[in-house]
Structures are given as C-alpha cells and as structure tokens.
Number of protein chains: 2
Amino acid sequence: MNQHASHKPDYEKELRRAGVRITRPRRVILGILTETDDHPDAMEIFQRASAVDSSISLSTVYRTMKLLEELGAIHRHAFEGGRARFEQADGDHHDHLIDIDTGDVIEFHSDRIEALQEEIARALGYDIVHHRLELYGRKRRKS
Amino acid sequence: MNQHASHKPDYEKELRRAGVRITRPRRVILGILTETDDHPDAMEIFQRASAVDSSISLSTVYRTMKLLEELGAIHRHAFEGGRARFEQADGDHHDHLIDIDTGDVIEFHSDRIEALQEEIARALGYDIVHHRLELYGRKRRKS
DNA sequence: AATGCAATTGCAAATCGTTTGCAATAAAAA
DNA sequence: TTTTTATTGCAAACGATTTGCAATTGCATT
Ligand SMILES: [Mn+2]
Ligand SMILES: [Mn+2]
Ligand SMILES: [Zn+2]
Ligand SMILES: [Zn+2]
C-alpha cells in the first residue's frame, strides 16, 4: 500500500502520433493537464483554460478529454456525485479514497487487493477487464 | 468469497413505520421489488409496474426509489453506463462483478478485501463511510 | 358512510452533465 | 499562398433524474 506521484507525459507527441492537429485550445488544455496532479472535472479544466485563453469553449474541453481518453492518455473517473473527473494515465494503477467532507481524492494501491480481485473473478469464471475500487471516508477524529 | 440470495423484506411495514401513506402505486412497486432478485433500473421497474397498473408514472417510480433509499430499504448502484440500478438492502454486504458483454451482475463478498480496505483507510487516517468495489469482466474463454 | 385535509400523484417542464450539428475558422499539406 | 479538411464555438439536443403544480387519493375524523 503506497502513494503515488505522477510526472510529465508528452501529450503533444501522443497527439501527433495519433495524427490529430495540435491546435491552440488543445495546447492550452494539455498544458493544464500536465501541470496538474489532482483530479479536476471538465468545468475546472475549462475555467483554468479560460484563464489562459478566454475563447476556449467547454465543448472543446469535453472533446479533448474524450480524445485523450481514447488515446489512453488520461483516465476518466465517475466518482459519486456530479461530474466526471480526469487524471493523467501515465503512472501505475491505483485506486482512490474520497474524502466525503472535502472532496479530496487520495490515491492508494494494494497488491493484495488486486490479487484477491483476480482470484475472485477467476473463481466466478471471469477475466477482469477493469475495475473500480473507491473508498468514501472521513478523516479520523483524533480520539 | 460467496454468492448471496436475498429474501422478502416487508416494505409495507417499513413504510408504515416511516409514517408515509401506502398508495396503490407504491404497493405495486414494492411488489415488484419484493419478487425481484436482480438489479433493475428505474425504467425496468417502471415497465414491470406499468404491466400491473398502466397509470403509474416514471416519476413515481423515481420518487418511490428515492424514498426507499432514504429509509435504507434499498441500495442504489451507479454502475458504468446509463441508469442507476437498485436492489433490496436486506441481505449482507456484497460487491459486484459486472459482465461487460451481457450486463449481468454477479454478487460476491470477500472478508479479506473488506479488511484490507479498512486497513488502508486507517493507514491514511480515514474512517470508511462506504465503498464501492466493482469488477468489470468477461466470461473466461474455455482455453 | 360522509367529511376534510395533507400527502401523493401524473404530467410537463426543468435540471445537470455531456454530446452533437453546423457554419465559421484555422492547421498543415501542397 | 492556396487548398483541403480537421477543429472550433455556439446553440441546441441529449438522457437520466428531479421538480412545480393542480388534481387526486389515503386516511384520520366525524
Ligand atoms: Mn488518481
Ligand atoms: Mn447486489
Ligand atoms: Zn485497483
Ligand atoms: Zn465490499
């Protein structure tokens, strides 16, 4: 069980390889994703992008996120509540603990849990394609 | 790790205790929930209810599900994709494996995983309020 | 059984996050 | 540069769920 720190992927190279155009809105959005290590939603990305170039639209943010997701460059999470949240896909696999009071997202990883999941699926005659493990909790009150 | 079978809760008694009225639409919906052991969504419940009483509206289905959820009588799941799915809340806790080809939902439970989750949250300084563990997989091809 | 009244209903319209059609714009190939 | 075509912003559409409201109904009271 341990935390993660992600580092800078070269999204532009990925996009180029995918044969799509490097536009100004995309460059701005990629910049934001690169220098972010939390789990922003589309609206947050939109606002940060607007600060750089106020002509960028929310549609373009959504379209870009979908594109990056299809390229496997980012992950989309549907935590409880409203909007989807995104994060870079470069680091190793991890799951999330969500602070239900603040909305903070804490990353963790457990080889033991991952292995048990495999074991369970296998026993049921399945291969896991992907999974979702989310803990919703609140900071322990110093008793 | 094992499967579950749920059995018939007395929703009407629960409603009565909660001080709400036992109306015809509610009775129909409760009947459907009682005799169902899968994880239907609101639309499915609505259709089954319509078959009994075609005047029941989808709004009422949603309102009733929300009511039952607040009473703790049912659980609402937000699996991947479209609509929320519901199930009776009486049985023991379990998690779900979703067949990504058929949409089938298979229930399982692992004390080991549950314990590990607790351990992880504790190490991070949190108390788990609830969690969500969903495995998305596909039937193993008999090699 | 008839009354009174608040809770519940069906309906249509609203909401929210996300997607999409389309005409205008801008990348990048020529 | 010009041409070609992907990408954009905008507004409108979307799908699931919720909500306002007037009409109805459960049910506690006579
Ligand atoms: Mn993460
Ligand atoms: Mn279940
Ligand atoms: Zn995991
Ligand atoms: Zn569990």
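Below, chains carry the letters A, B, ... as their sequence lines are ordered, and counting in each starts from 1. Heavy-atom basis, side chains included; hydrogens, waters and symmetry copies ignored.
Comparing B:R63 and B:F86 by the nucleotide of DNA chain D that holds the closest heavy atom to each, the one mapping nearer the 5' end is B:F86. Taking the nucleotide of DNA chain D with the nearest heavy atom to each of B:I22 and A:L67, the more 5' of the two is matched to A:L67.
Tested against B:H96 for a side-chain hydrogen bond (donor to acceptor under 3.5 Å, both in side chains), the candidates B:H39, B:E134, B:R85 yield a single pass: B:H39.
In this structure, CE of B:M65 is placed 11 Å from P of D:dT17, rounded to the nearest angstrom. The distance between atom CD1 of A:I56 and atom C1' of D:dT7, rounded to the nearest whole Å, is 13 Å. One can place CG of A:L68 at 12 Å from P of D:dT7, the figure rounded to the nearest angstrom. Distance B:L58 CG to D:dT17 C1': 8 Å, rounded to the nearest Å. One interatomic measurement links the two molecules: CD1 of B:I45 to C1' of D:dT17, which rounds to 14 Å at whole-angstrom precision. The interatomic distance linking B:F46 (CZ) with D:dA16 (C1') rounds to 14 Å, in whole Å. For the pair B:R16 CZ and D:dG26 P, the computed distance is 12 Å after rounding to whole Å. What separates CG of B:L15 from C1' of C:dT8 is a distance of 13 Å, to the nearest Å.
Using a 4.0 Å cut-off, some side-chain N or O of B:Y62 falls inside it from OP1 or OP2 of D:dT17. Phosphate proximity of D:dT18 to B:K66: present, with a side-chain N or O under 4.0 Å from OP1 or OP2.
Looking at heavy-atom distances under 4.0 Å, B:T23 makes contact with sugar-phosphate atoms alone, never a base. Within the 4.0 angstrom heavy-atom criterion, only backbone atoms of the sugar-phosphate kind lie near A:R26; the bases stay farther away. Residue contacts for A:R21: at a heavy-atom cut-off of 4.0 Å it reaches a base atom on one of the strands shown.
With hydrogens and angles ignored, no donor-acceptor pair closer than 3.5 Å exists between the side chain of B:R27 and the base of D:dG26. Checked by distance alone, A:S59 brings a side-chain donor or acceptor within 3.5 Å of a matching partner on the base of C:dT20.
Between A:D38 and A:R48, at least one side-chain N (NZ, or NE/NH1/NH2) sits under 4.0 Å from a carboxylate O, which counts as a salt bridge. Using a 4.0 Å cut-off between charged nitrogen and carboxylate oxygen, B:D127 and A:R140 count as a salt-bridge pair.
Closest to the side chain of A:R24, from the set C:dG17, C:dA27, D:dT17, is C:dA27.
Side chains of A:D111 and A:H109: a donor-acceptor N/O pair is present below 3.5 angstrom, by distance only. Between the side chains of B:H93 and B:E114, a donor-acceptor pair is found at a separation under 3.5 Å.
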